[in-house]
J.: 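Provided herewith is a single structure, encoded as C-alpha cells, for subsequent inquiry.
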Amino acid sequence: MSPTVSFLPKWGAWYQADGTTRFRIWTPHYEQISVVLEDGSEMAMSKNEEGWHETCFSCQPGVRYSYKLSPDTLIPDPASQFQPDDVHGKSAIVDQHAYQWRTPQWLGRPWEETVIYELHVGTCGGYSAIIKQLDTLSDLGITAIELMPLSEFPGSRNWGYDGVFPYAPESNYGSPNDLKALIDAAHERHIMVFLDVVYNHFGPEGNVLSQYIPEFFSSDRQTAWGQAINFTLPAVQDFFLDNALYWLNIYHIDGLRLDAVHAIAPQSWLQDLVHQIRARCHPERHIHFILENENNDASLLRAGYSAQWNDDAHNALHVLLTGETEGYYGNFAQNPTQDLVLALQEGFVYQGQISPDTQKPRGQPSANLSPTSFIFFLQNHDQIGNRAVGDRLSTQIDSAVLSVAHALLLLSPHIPMLFMGEEWGTKTPFLYFVSHSDDLNRLVLEGRQKEMAAFSAFNSQEKAHLIPDPASPETFRRSCLDWAERNQPEYAEIYETVKKLIAVRQEHIVPRLRNARAASSHIWAPGAFAVSWHMGDDRLLELFVNFSDTDITMLTGYAGVVLYRSDHQDRKINHTLKSHSFIATLREGSER
C-alpha cells in the first residue's frame, strides 16, 4: 500500500477512473457558469447555496477547457493542473493517476539528515536536465533539493514568485509527468524534494481570481506584492490546504517551504494548516514544513513547523564577512560577531527587540528551540538575486574566508542549505528576471531601479542604468548555471572541501542532532569566536572560528577528537587558532 493518501481537491477539474471529469469552481456572485471545451461544446454547471459551481461529464486527459462566466468572458481554471499555453491560454485536463511511480513506498527521510540544495528549475535547464545532475548531488551528500516556485507564471522566464496558477507546474519546464519523473528519480537516490509555495500573494499578470472572484482577496489589506488574500473564508482556506495536499500526495513532494508567511493573516490559519495536513497524510511519512517569516514567530516552530530560514544568522554573517551595512544589513552593523554567535546559540537575533529599520519590536524568544529549527545559509535566491547585479559571495570575499564560512555552515547543528553552484564557488550571477507583457515589464524595471536607489552604488540616474533589465532574455541567460564549470581546476578545491564537510556532518553530527542544545560561547575578537553544543548523546560539539586576519591565542586550547580543521595542520592539541581558519572537535561533555 502506498504511503501517499488519495484525495479529491475541492477546486478544479479532476479526471476520474470512470473516464469522467469533475469540474468545480467557487465564485458566489455568478449565477450561471459553463465549462467550454476546445471543440466549442459547452456544459452548464449547477450552483449550490455556498457558491460552488459543479458539473461532471466524460472528458479525456489533454482536452483544453475554460470556464464561461458570461457570453463574452472565458477564463482558465484558477485551480488548473496544467497551462500548456501559458497563463492566458486554456487549461488542460490531466490524468494524475497515469504516471507509474518507481518509488511508491518512499517515506522520506528524518529532518536531522537534511542538507538542502536550493535551485531554480528554469536556470538549471528544466525538469529533465535536473535529473541528470542527481547522481552528482547525491555523491556530494545532498539529501534534499528545494525547488523554487513552480506555479505557472506569465512568459518563459520568472523567478516563480509571480505565479498565478498554484496547482499547475510551469509548462516551460516540462509536463506534469516530467516533474513526477524528477521527483521519482530523486527518491531513487534517497534525495527528498521540497517545493517553495507562495500562499501570500498572486502575481500581477494572469490572476483570474482577482478579476472574477473578488471575494478571494481582502478589501482592506495590502501586502508588499499587492492585495492580501482573504484567509477568513472557508473556500479560500480549502484552495490552499488542498494545494498543499495535492503536492504532497499527488506529486509525492516531501515538504513545503512557505514563502513570506508574515504577509498571511490571520496567522492562526498557519497553525491550522500544518495540523490538518499532518492529520490527512500517512503517519509514517517524513513530511517537513519550512517557513520564511520576517516576524521571527517562534510559536509557529513550536506548533509543528520543521524550521525557518534564519535570515538573522545570514545577515549577521554577511555583515561580518563583507562589511556591508546598507539596507537591512544595518540591523546587524553594531556587533555582527556577537549577533552571529547569538544566532548560532539561540536561533534568532531579534527575539522581541526593537528593529532599527522599522522601530518596532521584532521576533519572539527562541533559545529553547532545537538548533534544527533553523536553516542556516550563506546564500539563497533572495540574498543573491535581490542584489542589483546578482553577485555571489564568491565574488565578494577571499576563498580562504569562504572556506571557513562553508565549514561553519556545514558543521553547525543548524540545518544547512546551499544555493545551486555554491558547492564549487561559481561566480555566475543570479539576477532578478521576469517576462511579463511590455507595459508591466517597464514598470518592473522602474520599480527595480527605485528599490536599488536606496544603495549608494545605484542612487543616481546614471548608476541606475547599471542594473540589468529583468525582462531582458540576456538577464536570464546570464543567470543560467553551467554545470560543467564545477569540473574546472579553479573550482576543484572548493568542491572537494564542501563534499568533505558534508561527509563529516553525516558521520559525526547528524546521528547526534536529536535533542541537541546550546552549551556555551566565547568571543576573542571581531570575527573570532568559539561556540559549542551539547549533542543528543551528551558529547560536546565545539567549533572554533577565526574569520579575522590575525592569529588568536586560546588560553585553554581545545580538547577532544578533531573532526575537521581547515588549516591542514597535525591534529594535535594546541593553543593557536590561525587567521582564516576553523576547527571542529567532539569530546565528552564532562571534559574540561
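Quick caveat: nothing in here was measured; it's all calculated off a predicted structure.
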J.: Return yes if a side-chain donor-acceptor contact under 3.5 Å exists between His88 and Glu205, otherwise no.
T.: yes
J.: Can a side-chain donor-acceptor contact be found between Asp357 and Ser355 if the only test is distance below 3.5 angstrom?
T.: yes
J.: Which word best sums up how the rings of His414 and Phe374 line up, parallel for under 30°, tilted for 30 to 60°, or perpendicular for over 60°?
T.: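 His414 vs Phe374 ring planes: tilted.
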J.: Side chains of Tyr15 and Gln81: do they bring a donor and an acceptor to under 3.5 Å?
T.: no
J.: Under 4.0 Å between a side-chain nitrogen and a carboxylate oxygen: does that hold for Lys90 and Asp85?
T.: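 Result for this pair is no, no salt bridge flagged.
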J.: Over 60° means perpendicular and under 30° means parallel, so classify the ring planes of Phe231 and Trp269, tilted if in between.
T.: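 Correct class here is tilted.
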J.: Would you kindly say whether Ser80 and Gln83 are connected by a side-chain donor-acceptor distance under 3.5 Å?
T.: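 A donor-acceptor contact under 3.5 Å links the two side chains.
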J.: Between Tyr495, Tyr117, Tyr491, which is the residue that forms a side chain to side chain donor-acceptor pair (under 3.5 Å) with Glu423?
T.: Tyr117
J.: Give a yes or no on whether a salt bridge exists between Asp312 and Arg362, defined as a side-chain N under 4.0 angstrom from a carboxylate O.
T.: yes
J.: List the steps, then state whether ring pair (Phe, Tyr, Trp, His ring centres under 6.0 Å) holds for His381 with Tyr161.
T.: CA-CA 11 Å; His381 72 271; Tyr161 297 92; 5.0 Å; yes
J.: For Ser437 and Asp439, does a side-chain donor sit closer than 3.5 Å to a side-chain acceptor?
T.: no
J.: Once you measure the plane-to-plane angle for Trp11 and Phe216, does it fall in the parallel (<30°), tilted (30-60°) or perpendicular (>60°) bin?
T.: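 The rings of Trp11 and Phe216 stand perpendicular, inter-plane angle above 60°.
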J.: Under 4.0 Å between a side-chain nitrogen and a carboxylate oxygen: does that hold for Asp259 and Arg257?
T.: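 Here Asp259 pairs with Arg257 in a salt bridge, since their nearest N and O are under 4.0 Å apart.
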J.: Will you find, in the side chains of His318 and Glu324, an N or O donor that is under 3.5 Å from an N or O acceptor?
T.: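 Yes.
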J.: Using every non-hydrogen atom in the two residues, find where Val319 and Ala333 come nearest and quote the distance to one decimal.
T.: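 Closest heavy-atom pair between Val319 and Ala333: CG1-CA, 4.3 Å.
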J.: Looking only at heavy atoms, what is the nearest atom pair of Ser156 and Asn172, with distance?
T.: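 Shortest heavy-atom separation between Ser156 and Asn172 comes out as CA-ND2, 3.6 Å.
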J.: Return the minimal non-hydrogen interatomic distance between Arg392 and Thr428, and the atom names on each side.
T.: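 Closest pair (atom of Arg392, atom of Thr428, distance): NE-O, 2.6 Å.
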J.: Answer with yes or no whether the side chains of Glu42 and Ser34 bring together a donor and an acceptor at under 3.5 Å.
T.: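 Yes, side-chain donor-acceptor contact under 3.5 Å.
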J.: Check the angle between the aromatic planes of Trp225 and His201 and answer parallel, tilted or perpendicular using the 30° and 60° thresholds.
T.: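 Answer is parallel, since the angle falls under 30°.
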J.: Can you confirm whether the side chains of Asn386 and Glu451 place a donor and an acceptor under 3.5 Å from each other?
T.: no
J.: Looking at every non-hydrogen atom in both residues, tell me the closest pair between Leu481 and Thr426 and how far apart they are.
T.: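 Smallest interatomic distance, heavy atoms only, reads CD1-CG2, 4.2 Å.
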